[in-house]
Amino acid sequence: QVQVEESGGGSVLAGESLRLSCTVSGYTYRNYCMGWFRQVPGKQREGVAAIDNNDMTYYSGSAKGRFTISQDKAKNTLYLQMNYLKPGDTATYYCAAEKFGCSWYLWEQGDGADVWGKGTLVTISD
């Protein structure tokens, strides 16, 4: 059974940084996509960043230049380094995975993943 579990959320001030982590277990697909979505209550979920088994990365417009996604394949762990955080980044962040590769056009619309974590809350204050 595939499981993903996020950690690293919290509350920081605008301009500060946070790193989210996601541990993956039971995922045996040779080709895959791993990444992060976020959602604010009352708003549509959106894809933030993704990385595939070839280390190709994808970013939303709001994440590009400030966030960096990476993976440690030996540790089965995914990371999202978030710098220069803004109050608009406040959301629950979900780790997710998709079989066979990144359908980024779906992730941008908040969909496309096969497996979802429970989420970790990130709060950015002025």
Side-chain angles (χ1 to χ4, degrees):
Q1 183 178 357
V2 179
Q3 290 185 320
V4 296
E5 184 172 0
E6 309 92 341
S7 61
S11 298
V12 298
L13 297 175
E16 295 186 340
S17 300
L18 273 177
R19 188 176 80 159
L20 305 182
S21 300
C22 174
T23 56
V24 183
S25 60
Y27 210 76
T28 59
Y29 295 98
R30 191 169 192 174
N31 298 318
Y32 60 82
C33 183
M34 301 286 302
W36 300 88
F37 291 83
R38 69 185 184 186
Q39 188 167 26
V40 176
K43 293 191 176 181
Q44 185 178 353
R45 182 174 59 206
E46 62 175 349
V48 177
I51 187 168
D52 69 14
N53 51 288
N54 292 316
D55 290 325
M56 179 166 288
T57 57
Y58 305 81
Y59 294 96
S60 68
S62 61
K64 199 170 296 184
R66 298 188 300 126
F67 296 2
T68 302
I69 190 169
S70 62
Q71 61 183 331
D72 185 330
K73 296 178 182 178
K75 295 182 178 179
N76 293 324
T77 302
L78 180 73
Y79 302 99
L80 184 67
Q81 178 67 42
M82 304 186 293
N83 298 328
Y84 306 108
L85 284 160
K86 306 173 182 178
D89 295 317
T90 295
T92 298
Y93 285 70
Y94 298 90
C95 180
E98 179 186 2
K99 294 179 286 190
F100 311 130
C102 292
S103 300
W104 181 243
Y105 69 102
L106 290 176
W107 284 59
E108 286 184 298
Q109 299 172 50
D111 206 345
D114 305 303
V115 179
W116 298 85
K118 294 180 180 179
T120 185
L121 180 62
V122 171
T123 304
I124 313 303
S125 303
D126 280 321

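Quick caveat, the model's predicted, so the values are computed rather than measured.
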- Task: If a pair satisfies disulfide (SG to SG under 2.5 Å) and one of its residues is in residues 46-89, list it, with sequence neighbours excluded.
- Result: none

- For Glu16, look at atom CD and say whether over 12 heavy atoms of other residues, nucleotides or ligands are found less than 6.0 Å away. yes

- Is a donor on one side and an acceptor on the other found under 3.5 Å between the side chain of Lys75 and the backbone of Thr23? no

- Query: Are Glu108 and Ser60 side-chain neighbours, meaning at least one heavy-atom pair lies under 4.5 Å?
  - Reply: no

- Among all residues two or more places apart in sequence or in another chain, which pass the ring pair (Phe, Tyr, Trp, His ring centres under 6.0 Å) test with Tyr32? none

- Task: With sequence neighbours left out, write down each residue that passes ring pair (Phe, Tyr, Trp, His ring centres under 6.0 Å) with Trp36, or none if nothing qualifies.
- Result: none

- Query: Crowded around Lys118 NZ? As in, over 12 foreign heavy atoms under 6.0 Å?
  - Reply: no

- Spacing of Tyr59 atom OH and Trp107 atom CH2 [to the nearest 0.5 Å]: 12.5 Å

- Criterion side chain to side chain contact (heavy atoms under 4.5 Å, CB included) against Arg38, the qualifying member of Asp89, Leu20, Leu80, Val122: Asp89

- Kindly confirm or rule out a cation-pi arrangement of Arg45 over Trp116, judged by NZ or CZ under 6.0 Å from the six-membered ring centre and within 45° of its axis? yes

- Message: Atom CG of residue position Asp72 - does it have more than 12 heavy atoms of other residues, nucleotides or ligands inside 6.0 Å?
- Response: yes

- Message: Taking the side chain as everything from C-beta on, heavy atoms only, tell me whether Gln71 gets closer than 4.5 Å to Thr77.
- Response: no

- Message: Side chains of Ser21 and Glu6 only: does a donor on one sit below 3.5 Å from an acceptor on the other?
- Response: no

